[in-house]
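Written below as C-alpha cells is the structure these notes are about.
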Amino acid sequence: MKQDSLRNAAYTVDCEDYVHVIKFNPFDSGDACSLIAYGGNNYVVVGTCRFQEEDAEVEGIQYKTLRTFHHGIRVDAIAWSPETRLDALPPQIRFCTAASDRKLRLFTSDLQDKNEYKTFDGHSDYVNDLVFAPREGQEVASVSDDHTCRVWDLEGNEKAHFVLRSPGMSVCWHPEEAFKLMVAEKNGTIRFYDLITHQAILSLECEQTPLMSADWCLKNTLRIGAVAGSDWLIWDITRSSYPQDKRPVHVDRARLFRWSRVNENLFATIGYPGKATTQLLVHHLGHPQPILTGTAAVGSGLTWHRTLPLCAVGGDHKIFFWVTEM
C-alpha cells in the first residue's frame, strides 16, 4: 500500500483553547490508554487516548479528559515524570511545565483531592525545554534563553548548572544513558554533559543556525537529529561531529524535530506557526522524500505516541493526530 503523502489528520480532538504545547507520556503508566498533556493560555489538560490501531473495539480515537490544571499563564513546555502511574491506588499524575514567566511548575495529583504544585525559580529568561530524569524521575533538567542548563531536585533546589554559549533550545535525557545530558544550543552546537563530573564530554556541530530543536533517538543512542535553518540534520556520534545526512525541508524555517519512539529511522519535523497552516513532515531515512505531509491550521507542539507510529500536533482549539506506516 503506497501512502498518499499529502494528508489530512487521521483524527482530531476539540479543545477549549489554542494548544501551545503537547506531549504524550513517553513512559509506561501501567494502563492500556496513553496519557497526553496539552497546554493552553492558562491551563494544562491531562487526558487519555486509545486508537483503533491498537484496539479493534475503538472506532478511530477514544479520548477522555482526566483533569484540567489551572496554570494562570501560557504554557511553553511540558515534561512527564516516569513516576506517573494510572495503575496505582490512588493513581499519581506528575508533570512539570515551563511558562512565559520563566518559572518551572511541578504538578502532582491523585486525580481526586490531592492537587499540588511547586514553583522552581532561577532562570532569568524564557525556558525553552525541560525533561525528567528517565529512570527514577527525581530530577528535572531545563534549558533557557539565559544561556544556562539547570538540573533541579523535586523540591526546586538547583543540583547542577551548566553555562552555555547561546540560548539552550532542547534538553534530552536518555533512559540508557542516565548519567549524560544532551543540550542543544541556538548557535548550532549540541553538547553532552557528564552528570557526575559536570563536564562536557562530546560536542556536535550543525555548521548552520539557528538550531531550533534537537532530539536523541530512543531506539539508537548513537543517533541525534535536529532542525537548523530550514534543514533537518542527522548525526551518528561514533562517526563524526558533523552531520552525516541533511536535507532542506521547510520553506520558511523548521521549528521542531522529534524521533519516533518505535523506529530509529522515522522522525517528524514541523515548520513555523504563523502562516495560515503549518506543515508537518514525517521522514524515513530510507526514503528521499517525506513519507507523509500533513497540514494543520496554525499548529504548534509535536509529539510521538509511545508504542505506535503516530504523532500529534496542537492547533487552534484542536489536536491533530497523524498515523504513518513503519
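We number each residue from 1, following the sequence as shown. Only heavy atoms go into these numbers, but all of them, side chains included; no hydrogens, no water, no symmetry mates.
- Among residues at least two apart or in separate chains, there is no ring pair (Phe, Tyr, Trp, His ring centres under 6.0 Å) pair with a member in residues 235-255.
- Within the hydrophobic cluster formed by Ile, Leu, Val, Met, Phe, Trp and Tyr side chains joined at under 4.5 Å, directly or through other members, I196 is accompanied by F179.
- The pair K318-D14 meets the salt-bridge criterion, with a side-chain N (NZ, NE, NH1 or NH2) lying under 4.0 Å from an Asp/Glu carboxylate O.
- Rounding to the nearest 0.5 angstrom, the gap separating the CG atom in N25 from the SG atom in C49 is 11.5 Å.
- There is a side-chain donor-acceptor pair under 3.5 Å between S109 and N115.
- Tested against R223 for a side chain to side chain contact (heavy atoms under 4.5 Å, CB included), the candidates N265, I237, D236 yield a single pass: N265.
- For W80 (side chain) and K23 (main-chain N/O), a donor-acceptor pair under 3.5 Å exists by modelled atom type.
- With N128 contributing its side chain and G168 its backbone, the two residues share a donor-acceptor pair below 3.5 Å.
- Checked against side chain to side chain donor-acceptor pair (under 3.5 Å), W152 has the following partners two or more places apart in sequence or in another chain: S142.
- Counting heavy atoms of neighbouring residues, nucleotides and ligands inside a 6.0 Å radius, atom CD of Q138 exceeds 12 of them.
- Smallest separation of non-hydrogen atoms from L292 and V323: CD1-O, 3.6 Å.
- When atom types are taken as modelled, the side chain of D129 and the backbone of V171 share a donor-acceptor pair closer than 3.5 angstrom.
- Residue pairs meeting the salt bridge (Lys or Arg N to Asp or Glu O under 4.0 Å) criterion with at least one partner in residues 147-159, sequence neighbours excluded, are K118-E155, D146-R150, R150-E158.
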Worked check of ring pair (Phe, Tyr, Trp, His ring centres under 6.0 Å) between Y117 and F69: CA-CA 10 Å; Y117 79 88; F69 296 86; 9.7 Å; no
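- Distance alone, capped at 3.5 Å, is enough to place a donor-acceptor pair between the S300 side chain and the H20 backbone.
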Residues L281, W232; criterion side chain to side chain contact (heavy atoms under 4.5 Å, CB included); working and verdict: CA-CA 11 Å; L281 297 173; W232 61 252; over 6 Å; no
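- Under the salt bridge (charged side-chain N to carboxylate O under 4.0 Å, His left out) criterion, K246 pairs with no residue, sequence neighbours left out.
- Screening residues 189-208 for salt bridge (Lys or Arg N to Asp or Glu O under 4.0 Å), with sequence neighbours left out, gives E185-R191.
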